[in-house]
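Reviewing the structure listed below.
For clarity, every value in this text was computed on a predicted model and none was experimentally measured. We count residues from 1, following the sequence as given.
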Amino acid sequence: MLGIITFIIIFGILVIVHEFGHFYFAKKSGILVREFAIGMGPKIFSHVDREGTLYTLRILPLGGYVRMAGWGDDKTEIKTGTPASLTLNEQGLVKRINLSQSKLDPTSLPMNVTAYDLEDQLRITGLVLDDIKTYAVDHNATIVEEDGTEIRIAPLDVQYQNASVGGRLITNFAGPMNNFILGIVVFVILVFMQGGMADFSSNHVRVQENGVAAKAGIRNGDQILKINQYRIANWRDLTQAVDQSTRQLPPSKTIAVTYKSGKAVKTVDLKPEKRGRHYVLGVQVTLKTSLKDKILGGFELAWTGAFTILNALKGLIVAFSLNKLGGPVAMYQMSNQAAQNGLESVLQLMAMLSINLGIFNLIPIPALDGGKILMNLIEAIRRKPLKRETETYITLAGVAVMVVLMIAVTWNDIMRAFF
């Protein structure tokens with residue numbers, strides 16, 4: 001149960017933060033955001049702001065989504081003959097079109113819709129008391145969809161396609177950007193929780209309580225100068241020296257450790273403790289604990305994590321294998337393992353997954369943000385947009401590729417986990 005809760009929290013935060021990036025910059029770019037949803041499935045709470053954006057909380061706690069006018073398949077289709085009820089304002093313009101059997105307005109006008117244009121001419125035509133009538137629709141009118149969701153209509157001037165190229169570009173990039181920011185913030189929090197950033201450039205050490213080094217008199221902040229004949233200048237030197245000095249080490253033998261404590265230089269003979277295949281001295285890398293070092297440490301961890309992911313992506317391109325990919329099943333397994341290891345492991349997993357999601361979404365596949373950004377750049381170079389039909393076909397092709405890949409990855413995860 002703990003693993004499931006951890007998975008839901010991590011996945012939900014990553015997706016909501018990603019979608020909030022699209023949401024915020026879409027509004028700033030003049031694009032109508034019709035709905036910002038937290039969760040999926042039937043809604044359990046909704047609120048409409050002054051700009052007509054519907055905020056919903058939905059029953060399944062799995063991420064969320066943003067509905068932008070004219071983005072993707074965000075369209076409201078009204079079939080010929082569909083019964084609707086129209087609410088008119090004082091000027092005689094339609095301010096509300098109700099296609100559902102809920103949220104009924106007793107003053108509304110019943111109609112069977114025969115034609116409509118809610119993007120350009122803003123008109124709706126239908127059969128009213130055996131007469132065909134046409135009504136003008138207000139620019140800010142709402143439409144109640146068949147499931148009861150009430151959202152703004154989407155005239156052309158507030159659609160995604162009619163925003164500036166720069167506005168669309170930042171709107172598409174904002175999702176991955178938010179994931180990068182989240183990854184950095186979580187890594188910074190993690191460094192603060194750990195008390196500081198590991199200083200691998202130093203030969204100062206932290207001593208584990210009741211460890212071999214502590215029992216020999218080595219204290220926190222002491223410098224390891226030599227291990228046997230190997231000189232130590234940093235943490236890498238120390239780990240390599242321990243490895244070299246303990247190869248084929250007989251059980252009764254010790255190694256000589258020279259260290260500096262204050263101004264005194266001392267040498268002690270230690271019998272390393274074997275853990276698994278390796279020997280340890282009971283020391284850890286020292287920490288940089290200033291405020292600046294902690295904040296920069298979070299950025300450094302994020303930078304290192306990003307390059308780890310990019311190298312993995314490079315390896316995937318060079319030698320593709322489904323075993324190098326992970327879907328929801330693999331993410332659940334990682335979340336479950338992290339939950340067992342404690343809060344720090346959960347935060348580290350969240351930070352890495354957030355950066356991974358940001359990088360993955362920048363891959364120039366049409367269904368992803370990277371594909372949309374590529375089309376924005378092509379439009380900027382050509383100085384004219386791609387045909388809407390062309391862009392739709394390209395996007396559908398990308399969606400098909402992603403669906404097939406996701407099914408294959410999920411199936412492979414299931415086979416690896418249970419068979």
request  = Go through the structure and list residues passing side-chain contact (heavy atoms from CB on, under 4.5 Å) with Ile4, not counting sequence neighbours.
outcome  = Ile8, Tyr332
query = ring-ring contact (aromatic ring centres under 6.0 Å, His included) with His22: which residues, sequence neighbours excluded?
reply = His18, Trp71
query = Measuring from Ile153:CD1 to Leu32:CG, what's the distance to the nearest 0.5 Å?
reply = 9.5 Å
query = Does Trp303 have its ring centroid less than 6.0 Å away from the ring centroid of Phe299?
reply = no
inquiry  = Before you tell me yes or no, could you show the steps for Asp157 and Asn162 under side-chain contact (heavy atoms from CB on, under 4.5 Å), namely the whole-Å CA-CA distance, both residues' side-chain angles and the distance that decides it to 0.1 Å?
reply    = CA-CA 6 Å; Asp157 62 304; Asn162 290 305; 5.9 Å; no
Closest non-hydrogen atom pair between Val191 and Gly297, with its separation = CG2-C, 4.0 Å
inquiry  = With a 4.5 Å cut-off on side-chain heavy atoms, are Thr142 and Val48 touching?
reply    = no
task = Measure the spacing between OG1 of Thr246 and NZ of Lys274 and express it to the nearest 0.5 Å.
result = 9.0 Å
query = Which pair of heavy atoms, one from Ala380 and one from Val165, lies closest together, and at what distance?
reply = CB-CG1, 4.0 Å
key: For Glu300, all residues meeting salt bridge (charged side-chain N to carboxylate O under 4.0 Å, His left out), sequence neighbours excluded   = none
request  = Please identify each residue that fulfils side-chain contact (heavy atoms from CB on, under 4.5 Å) with Ser245, with sequence neighbours left out.
outcome  = Ile227, Asn228, Tyr230, Ile255
task = For Phe11, enumerate each residue passing the ring-ring contact (aromatic ring centres under 6.0 Å, His included) test, keeping only those at least two apart in sequence or located in another chain.
result = Phe7
Salt bridge flag under 4.0 Å for residues Glu145 and Arg67 = yes
Side chains of Thr114 and Asn112, donor plus acceptor under 3.5 Å = no
query = Would you say Asn140 and Arg152 make side-chain contact, with heavy atoms under 4.5 Å?
reply = yes
request  = Sequence neighbours left out, what pairs pass salt bridge (Lys or Arg N to Asp or Glu O under 4.0 Å) with at least one residue falling in residues 239-249?
outcome  = Asp243-Arg247
task = Kindly compute the distance separating CG (Leu347) from CZ (Phe187), expressed to the nearest 0.5 Å.
result = 10.0 Å
request  = Flag the pair Glu77 / Tyr116 as yes when at least one side-chain heavy-atom distance between them is below 4.5 Å, and no otherwise.
outcome  = yes
key: Thr107: partners by side chain to side chain donor-acceptor pair (under 3.5 Å), with sequence neighbours left out   = Asp105
query = Where is the tightest heavy-atom contact between Gly183 and Ile355, given as atom of each residue plus distance?
reply = CA-CG1, 4.1 Å
ask   = Looking only at side chains, do Asn172 and Asn376 share a donor and an acceptor under 3.5 Å apart?
value = yes
request  = Test side-chain contact (heavy atoms from CB on, under 4.5 Å) on Ile309 and Met352 and set out the steps.
outcome  = CA-CA 9 Å; Ile309 294 167; Met352 285 297 293; 4.1 Å; yes
request  = Just jot down the side chain to side chain donor-acceptor pair (under 3.5 Å) partners of Arg58, sequence neighbours excluded, or say none.
outcome  = Glu35, Thr56, Tyr65
Enumerate, atom names and distances included, each donor-acceptor pair closer than 3.5 Å involving a side-chain atom of residues 90-97, sequence neighbours excluded.
| residue | atom | partner | partner atom | Å |
| --- | --- | --- | --- | --- |
| Arg96 | NE | Glu150 | OE2 | 3.1 |
| Arg96 | NH1 | Lys103 | O | 3.0 |
| Arg96 | NH2 | Lys103 | O | 2.9 |

key: Which residues share a ring-ring contact (aromatic ring centres under 6.0 Å, His included) with Phe20, sequence neighbours left out   = Phe23
ask   = Under a 4.5 Å cut-off applied to non-hydrogen side-chain atoms, are Val212 and Val280 in contact?
value = no
Please list, one pair per line, the donor and acceptor atoms closer than 3.5 Å that link side chains of residues 334-343 to other protein atoms, with sequence neighbours excluded.
| residue | atom | partner | partner atom | Å |
| --- | --- | --- | --- | --- |
| Ser335 | OG | Met331 | O | 2.8 |
| Asn341 | ND2 | Gln337 | O | 3.3 |

ask   = Taking all atoms of both residues into account, what is the closest heavy-atom pair of Ile143 and Ile78, and its distance?
value = CD1-CD1, 4.1 Å
query = How long is the span from the CG atom in Leu357 to the CG atom in Asn178, to the nearest 0.5 Å?
reply = 11.0 Å
Run the side-chain donor-acceptor check on residues 282-296: report pairs under 3.5 Å with partners two or more places apart or on a different chain.
| residue | atom | partner | partner atom | Å |
| --- | --- | --- | --- | --- |
| Ser290 | OG | Asp293 | N | 3.1 |
| Ser290 | OG | Asp293 | OD2 | 2.9 |

Side-chain heavy-atom pair Arg168, Tyr160 within 4.5 angstrom cut-off = yes
